[in-house]
Protein chains: 2
Amino acid sequence: MSDEPTDVVHLSPRLADRSTWSAESCTMAATMATIGTRGSLMCLRESFYGVRRFEEFVSRVGLSEAVVAARLKDLVAAGLLERRPYREPGQRVRDEYVLTEAGHDLLPALVSLMQWGDRWLTPDGRGPIALRHHGSCGETVRAELRCGAGHQVVASDVEASPGVRARPRA
Amino acid sequence: MSDEPTDVVHLSPRLADRSTWSAESCTMAATMATIGTRGSLMCLRESFYGVRRFEEFVSRVGLSEAVVAARLKDLVAAGLLERRPYREPGQRVRDEYVLTEAGHDLLPALVSLMQWGDRWLTPDGRGPIALRHHGSCGETVRAELRCGAGHQVVASDVEASPGVRARPRA
DNA sequence: TGCCTGGCTATGGTGATCACTAGTCAGGAG
DNA sequence: CTCCTGACTAGTGATCACCATAGCCAGGCA
């Protein structure tokens with residue numbers, strides 16, 4: 001471990017020698033390829049705020065209809081949203097876009113991006129929207145590192161080790 | 001609240017009418033503008049694995065030297081990395097790239113992106129690198145939503161409300 | 001002094017994203 | 001049947017990210 005104040009994650013003995021492995025199969029880049037465009041991210045954000053209908057997506061996302069249509073299509077294809085038919089009386093059937101389980105599972109990622117931005121990209125360290133624990137204590141909600149035992153984990157107490165199916169570099 | 005099984009975050013009374021506000025000043029997009037390129041993200045990831053030197057960044061990130069140089073420069077300009085001079089005996093002074101406090105604070109975001117990718121973008125729901133609680137229980141580490149009281153929070157128990165300095169739509 | 005090296009910048013090319021504009025398409029009303 | 005509408009697609013142009021190649025620059029060695 002480094003004696004530098006700005007510690008980073010520990011590497012387990014099998015990963016201690018960085019020259020013997022690489023992170024090229026890390027899924028982070030793949031996640032970003034899936035959701036990383038401005039359009040996709042804004043559509044997902046709005047989905048979490050309860051937006052379902054195309055017109056409202058267009059209005060709130062602030063990108064062109066063509067882009068919103070294309071990104072919604074991408075998100076459906078990626079399995080993050082699903083189309084669900086609905087019908088107002090006297091009108092034709094249309095589709096709403098609803099978060100899937102995989103889409104829901106992105107909430108910690110979106111919250112952590114927003115929380116970082118709120119802290120570091122605003123003059124007073126706060127954002128326009130605050131998230132709170134509804135129906136419980138009402139305290140501010142944030143994304144934190146926790147272990148399976150429920151402990152809060154600081155960066156310097158994280159250890160990276162090979163996943164179950166990881167193989168050494170060919 | 002919706003009676004749909006796929007709930008999304010609650011909106012506080014002041015935000016219940018989505019037509020009266022927008023999320024356009026949300027910092028999520030700004031965060032992505034800061035770190036969202038493939039090069040930036042891969043450099044940050046490697047920083048967390050302890051990489052500091054240019055040559056090792058180039059080797060492990062897998063992008064061209066020109067891109068790695070440009071992205072490291074961007075990350076320094078954004079305040080996420082800082083350059084620190086070092087010198088091997090008999091050689092000239094060079095710079096290492098070290099995470100700043102703001103850079104460190106990105107760990108939950110990176111972990112949550114990786115964890116989503118590990119679960120949803122791999123055949124068996126696991127990634128090549130696992131993170132564990134070092135020097136404690138050794139349990140798997142993940143990014144979770146928690147409130148200020150330490151409670152684990154599920155998506156359907158999140159409420160969005162105006163931040164301290166938010167104003168209604170002009 | 002000249003030479004070597006690591007780190008970086010510049011240029012032209014390709015592909016992706018988005019803006020803008022125009023058009024297509026299909027369902028439903030009249 | 002025609003017409004309207006919401007949702008979407010297509011084409012063009014601008015910008016950005018990255019690749020490949022070439023070159024620049026400054027520090028240090030011989």
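Chain letters run A, B, ... following the sequence lines, proteins first, then strands; residues in each count from 1. Values below: all heavy atoms of this structure, side chains included; hydrogens, waters and symmetry mates excluded.
If you run side chain to side chain donor-acceptor pair (under 3.5 Å) between B:Trp120 and each of A:Asp105, A:Thr27, A:Thr34, only A:Asp105 comes through.
In this entry the distance linking CD of A:Glu65 with P of C:dA22 reads 14 Å, nearest Å. Rounded to whole Å, atom P of D:dG27 lies 18 Å from atom CZ of B:Phe54. At whole-Å resolution of the value, CD in A:Glu55 and P in D:dA7 are 6 Å apart. Counting to the nearest Å, the P atom of D:dA20 and the CG atom of B:Leu63 are 10 Å from each other. In this structure, A:Tyr86 places its OH atom 14 Å from C1' of C:dG27, rounding to the nearest Å. As a whole-Å value, the separation of B:Arg52 CZ from C:dG6 C1' is 19 Å. What separates CD of A:Glu88 from C1' of C:dG27 is a distance of 15 Å, to the nearest Å. Across the protein-nucleic acid pair, A:Met32 atom CE and C:dA16 atom P stand 17 Å apart, rounded to whole Å.
Residues B:Trp21 and B:Leu15 come closest through the heavy atom pair NE1-O, 2.8 Å.
Place A:Arg71 and A:Val93 on DNA chain C by their nearest nucleotides, and A:Arg71 ends up nearer the 5' end. Projected onto DNA chain C by closest heavy-atom contact, B:Leu72 and A:Gly90 fall at different nucleotides, the more 5' of which corresponds to B:Leu72. Checking A:Arg83 against B:Gln91, the closest nucleotide of DNA chain D that is more toward the 5' end is the one next to A:Arg83.
Taking 4.0 Å as the cut-off between side-chain N and carboxylate O, B:Arg53 and B:Glu55 do not count as a salt-bridged pair. For the pair A:Arg146 and B:Glu144, the salt-bridge criterion is not met [side-chain N within less than 4.0 Å of a carboxylate O].
Taking 4.0 angstrom as the limit, A:Arg38 places none of its side-chain polar atoms (N or O) nearer than this to OP1 or OP2 of C:dC18. A sub-4.0 Å separation between OP1 or OP2 of C:dT9 and a side-chain N or O of B:Lys73 is present. OP1 or OP2 of D:dC19 has at least one side-chain nitrogen or oxygen of B:Ser64 nearer than 4.0 Å.
Counting non-hydrogen atoms under 4.0 angstrom, B:Ala70 reaches nothing in the nucleic acid. In this structure, A:Phe57 reaches neither bases nor backbone, as no heavy-atom distance under 4.0 Å exists between it and the strands shown.
Between B:Tyr97 and B:Phe57, the ring-plane angle classifies as perpendicular under the 30° and 60° cut-offs.
The side chain of A:Val67 lies closest to C:dC18, out of C:dT9, D:dG6, C:dC18. Looking at the side chain of A:Thr37, the nearest of the listed nucleotides C:dC18, C:dG28, D:dG6 is C:dC18.
The base of C:dG27 sits with one of its N or O atoms less than 3.5 Å from a complementary donor or acceptor on the side chain of A:Arg92.
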